Amino acid sequence: MFWSKIFLPTLKDSPQDAEVISHKLMLRSGMIRRVTSGIYTWLPLGLRVLRKVENIVREEMNASGAQEVLMPMVQPRELWEETQRWEKMGPELLRIQDRHGRDFCLGPTHEEVITDLIRNNIKSYKELPLNLYQIQTKFRDEVRPRYGVMRGREFLMKDSYSFNLDEESLAESYLLIKNTYKKIINRLGLKFKIVKADSGAIGGDTSEEFHILAENGEDTIAVSDSSDFAINTELLLKDGEDLESFQGKPSPDGEGVIEIKKGIEIGHIFQLGRVYTDAMNVNVLDQKGKARNLFMGCYGIGVSRLVAAAIEQNNDDKGIIWPDAIAPYEVNIVAIGFDKDEEIAKAAMDLYNQLSSMGYEVMLDDRKDGYGTKMKDAELIGIPMNVIIGKQYLQNNEIELKHRDGQSSTGKVEDILTIFEHYKSS
Ligand code: ATP
Ligand code: MG
């Protein structure tokens, strides 16, 4: 992609209304634009990142044996009456009417729709366990939408639901998804903690959250400094524990002491038990031909929130530092004098074609600007590798490979290409 062609409206200064770093950087790097409170348009650069996150989530969900479906955003009131959530959800549920005056809501989550699907289509224990997922737009009329796509009103979620004959089978599905989430976040290149959590309005007993540790996290979590122990302090407060006093105490698992950290909740998994299947009367015939209500689990990942969380964890004063797996492009060719010097233009184009044919996703900065402006923009949008073709090339045929994290090497085009070949094969 050529810089002169891509729709990439970068901003020099931080917009006034952006409080946290990821929100500032997503606006400045031309990834998103606000339409209205908590509702955003994704521009080409941002959408590439969102799709990469989405694809990693999809690949790992498929690998776990889950099957993809796509449910509607608009859902009828009657289903929500069955679980009494039409009332319980309060003003977060956006209610709308059709031309006949019938009530609907915009789906904030899909337990009702999927439970209805299973109740009408699964008859026997032989068809279980079943794990279905979707990657779909949710709407929640949040009290305080803020931090850009981190807490939007409209956002992209991967939600999945397992249906199981008994508790043991539910525990197995839960563990499978938990391990799948670990794989997903590792592939994204992010540091995370699995945290014991409050199951809130969704209901059920066992639940854990996946948190990306970052200073701007909205959640406060208590973690052991030397084991995997971590708990959302919401849960401690509920149990009457004072927080403050939890700090510096020995960890309840006997390893290390407690530290208080900030986290961004990017995933949440629940063993719901029979909360929904009892309310909506979902049963199958078991081995003995007896009707049994199913056990259910639900598992969510905030796909759009993950993009913001990745930036919170990976940035410096110049801009974003994308983990390789989700960078919008892998290489950026900074051609200084592309418009004036044929030799530069030819070298840049050759390299662009070569790297593209090696399978790299490449940008070429063909704009009229000088080195300063081009490097500032490159650092802002955070492409992992920048190749500079300029004065040095004209003088002694050398180009520079500058990594976003600081390393750099200089050499002839062949030398730099060898480095790229090495990266592809490793
Ligand atoms: P929170 O506590 O942050 O409000 P939640 O517990 O209500 O989130 P869940 O119902 O567990 O959210 O939804 C699953 C995932 O969807 C969350 O872990 C989070 O990553 C994402 N998510 C939830 N609400 C939002 C939102 N308003 N904007 C973006 N992502 C969200
Ligand atoms: Mg949650």
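Please read these numbers as outputs of a predicted model, since none were measured by experiment. Indexing begins at 1, ligand by ligand and atom by atom, following the structure's order. Quick note: numbers below take in every heavy atom, side chains included, and nothing from hydrogens, waters or symmetry partners.
- Ligand 1 is never approached by Asp219 to a heavy-atom distance shorter than 4.0 Å.
- Among the candidates Arg305, Glu312, Gln313, the single residue satisfying the side chain to side chain donor-acceptor pair (under 3.5 Å) test with Ser22 is Glu312.
- Aromatic rings of Tyr352 and Phe2 (six-membered ring for Trp) have centroids within the 6.0 Å cut-off, being under it.
- With values rounded to the nearest 0.5 angstrom, Tyr276 atom OH is found 4.5 Å from Glu111 atom CD.
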- Task: Report the C-alpha separation of Leu93 and Arg85 in whole Å, then their side-chain angles, then the decisive distance to 0.1 Å, and conclude whether the side chain to side chain contact (heavy atoms under 4.5 Å, CB included) test is met.
- Result: CA-CA 9 Å; Leu93 190 69; Arg85 288 211 295 182; over 6 Å; no
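- Under the 4.0 angstrom criterion for non-hydrogen atoms, Glu218 is not in contact with ligand 1.
- Taking the Mg ion (ligand 2) as reference, the nearest N/O/S atom within Glu265 carries the name OE2.
- Looking at Ile301 next to ligand 1, no N or O pair under 3.5 Å apart turns up.
- On a distance-only criterion, Ser304 and ligand 1 share no N/O pair closer than 3.5 Å.
- Remark: side-chain polar atoms of Tyr181 are paired, donor with acceptor, to backbone N or O of Gly300 under 3.5 angstrom.
- If you look at His268 and ask which of its N, O or S atoms sits nearest the Mg ion (ligand 2), the answer is ND1.
- Looking only at atom types and distance, the side chain of Ser4 has a donor-acceptor partner in the side chain of Asp366 under 3.5 Å away.
- With a heavy-atom cut-off of 4.0 Å, Leu306 does not touch ligand 1 at all.
- In this structure, Gly267 is part of the shell of residues with a heavy atom less than 4.0 angstrom from ligand 1.
- Across Leu50, Leu156, Val53, Ile311, a single residue satisfies side chain to side chain contact (heavy atoms under 4.5 Å, CB included) together with Leu306, and that is Val53.
- Here is the list of ligand 1 atoms found below 4.0 Å of a heavy atom in Glu142: 24 (N), 26 (C), 27 (N).
- Side-chain contact annotation: Asn131 with Ser173, donor-acceptor N/O pair under 3.5 Å absent.
- Within the structure, the closest approach of Thr109 to ligand 1 does not fall below 4.0 Å when heavy atoms are considered.
- Evaluated for a side chain to side chain contact (heavy atoms under 4.5 Å, CB included) with Ile185, the options Ile56, Val57, Ile212, Thr180 yield exactly one hit, Ile212.
- For Gly302, a nitrogen or oxygen atom sits less than 3.5 Å from a nitrogen or oxygen atom of ligand 1, counting backbone and side chain alike.
- An N or O contact shorter than 3.5 Å is missing between Phe155 and ligand 1 by distance.
- With a 4.0 Å heavy-atom cut-off, ligand 1 is reached by no atom of Arg153.
- Taking every non-hydrogen atom of Gly152 and a distance limit under 4.0 Å, the qualifying atoms of ligand 1 come out as 26 (C), 27 (N), 28 (N).
- Among Glu265, Arg151, Met157, Arg140, the residue whose heavy atom lies closest to atom 16 (O) of ligand 1 is Met157.
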